[in-house]
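See structure below.
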Amino acid sequence: MVLAAVGQICSTASMMHNLAQCQRLVHRAVEAGAKALFLPEASDYIASSPAESLSLCQDVTKSLFVRGLQQAARENRLPINVGIHEPTEPPSKKIKNTLIWIDKEGDIVHRYQKLHLFDIDLRPDGPRMKESDSIESGSEVTQPYPSVLGNVGSLICFDLRFPEPALRLRRLGADVVVYPSAFTVPTGKLHWEILLRARAIETQSWVIAAAQCGRHNEKRVSFGDTIVIKPTGEVAGRLDRVEDLNSEEENARKPDLLTVDIDLEAVKDTRRTIPLQRRTDVYPEI
Ligand SMILES: O=C(O)CNC(=O)[C@H](CS)NC(=O)CCC(=O)C(=O)O
């Protein structure tokens, strides 16, 4: 059993504010005895326009947010999984939505670039968003990497709606699938828990979903409900939904931390008790 810490924050356009929230969570994770910390999508910043997002985006060697977290990881010997933005190579009008793994030495040793972009129109009851206006999508499912918690497979937020990459990660050896997110409130109510539990049940893996929660700016609010799901599909732990907060709390943007014991025996037991023998003679293997 290894204790994982999962952070819930409310990022704004101030990278220093966001770094301070994440540093507080690093210290709480260390105090709790956690061996890794998982932070949401876009922890570095959430901007109010594509132009602002582009203007805030920096290479990891220059980003004070990323460098601050690398230092926190090194000083506390705590690996950190965190969603950020990075420039394209060569730099362009678009940026990348990525997930990095900072090891306990403070080095970035893995990186995943979000595959599916969130282009939706929920008006009049919800937002319209066109992530593809400002984000370049990735082009590969990355190999799960070994960690203190087992093999970690990386996906981000809207990727959650697609079973294929999760199944692919399972076949590539994942024990844990992560979905750092910034879900909208209406789609969070409808789909968040159900999709996360479905992905855990289908892959018979742990699912760790660190979520943004609260009001980021005048245009955007995120759903919250950071969750960890067991390979059986049961909820192992969760944090507040934005609708559970009063508006003062929503605006106070207090970071919160969930800790859960990750047990790789649960992966083995689930896969042994309910073996999923695929009929790849009938449909293609993913
Ligand atoms: O904008 C940033 O900087 C960070 N990126 C996000 O917040 C992304 C794209 S707008 N959000 C989602 O994918 C929400 C998915 C969702 O809510 C659903 O699938 O229902």
Side-chain angles (χ1 to χ4, degrees), residues 7-15 17-19 21-22 39-58 60 63 65-66 81-88 93-100 112-123 125-138 154-166 177-199 207 209-227 241-243 253:
Q8 178 158 298
I9 59 172
C10 182
S11 294
T12 66
S14 161
M15 257 187 290
H17 164 82
N18 306 333
L19 176 61
Q21 290 195 76
C22 294
L39 294 168
E41 178 185 28
S43 288
D44 54 350
Y45 60 83
I46 289 190
S48 38
S49 69
E52 187 182 26
S53 192
L54 189 65
S55 76
L56 290 169
C57 186
Q58 279 177 315
V60 289
S63 162
F65 178 87
V66 175
N81 185 244
V82 59
I84 59 166
H85 302 86
E86 295 183 79
T88 58
K93 288 257 153 55
K94 290 192 181 181
I95 59 180
K96 304 194 234 185
N97 182 334
T98 63
L99 178 60
I100 56 173
Y112 163 72
Q113 185 176 359
K114 190 177 186 183
L115 282 174
H116 303 92
L117 302 182
F118 190 51
D119 289 352
I120 51 95
D121 190 345
L122 297 169
R123 290 175 299 176
D125 302 320
R128 187 179 76 94
M129 282 178 178
K130 201 148 185 287
E131 193 178 18
S132 64
D133 276 348
S134 55
I135 303 286
E136 171 202 87
S137 61
S154 304
L155 291 169
I156 300 176
C157 198
F158 185 58
D159 288 331
L160 171 58
R161 294 180 179 278
F162 303 86
E164 294 90 343
V177 180
V178 296
Y179 289 103
S181 296
F183 246 58
T184 72
V185 176
T187 60
K189 279 185 195 161
L190 280 173
H191 301 145
W192 172 248
E193 175 182 338
I194 295 165
L195 286 172
L196 288 168
R197 294 181 67 186
R199 297 295 90 88
V207 165
Q212 293 274 355
C213 181
R215 176 164 293 282
H216 308 289
N217 55 49
E218 68 290 349
K219 291 188 214 152
R220 279 198 56 188
V221 181
S222 288
F223 182 62
D225 202 18
T226 288
I227 305 189
R241 296 178 169 205
V242 72
E243 64 201 16
R253 303 184 179 116

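This is a predicted model, so every value here is computed, not measured. Atoms within a ligand are numbered from 1 in the order they appear, just like the ligands themselves.
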- Query: Hey, are the side chains of Leu155 and Tyr112 touching, using non-hydrogen atoms and a 4.5 Å cut-off?
  - Reply: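 Leu155 vs Tyr112: side chains touch.
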
- So, do Val221 and His216 sit near enough that their side-chain heavy atoms are less than 4.5 Å apart?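 Heavy-atom side-chain distance check fails, nothing below 4.5 Å.
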
Can you list every pair where an N/O of ligand 1 is under 3.5 Å from an N/O on the protein?
from, atom 1, to, atom 2, distance (Å)
ligand 1, 1 (O), Arg220, NH1, 2.9
ligand 1, 3 (O), His85, NE2, 2.8
ligand 1, 5 (N), Glu41, OE2, 3.2
ligand 1, 7 (O), Arg220, NH2, 2.7
ligand 1, 13 (O), Lys114, NZ, 2.9
ligand 1, 17 (O), Thr184, N, 3.0
ligand 1, 17 (O), Thr187, OG1, 3.2
ligand 1, 19 (O), Arg161, NE, 2.7
ligand 1, 19 (O), Arg161, NH2, 3.4
ligand 1, 20 (O), Arg161, NH2, 2.7
ligand 1, 20 (O), Thr187, OG1, 2.7

Return the [atom1] to [atom2] distance between [X] and [Y], rounded to the nearest 0.5 Å.
| X | Y | atom1 | atom2 | result |
| --- | --- | --- | --- | --- |
| Cys213 | Asp225 | SG | CG | 8.5 Å |
| Ser154 | Tyr179 | OG | OH | 10.5 Å |
| Ser222 | Glu41 | OG | CD | 8.5 Å |

- Aromatic contact, Phe183 with Phe223 (centres under 6.0 Å):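 That pair fails the under 6.0 Å test.
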
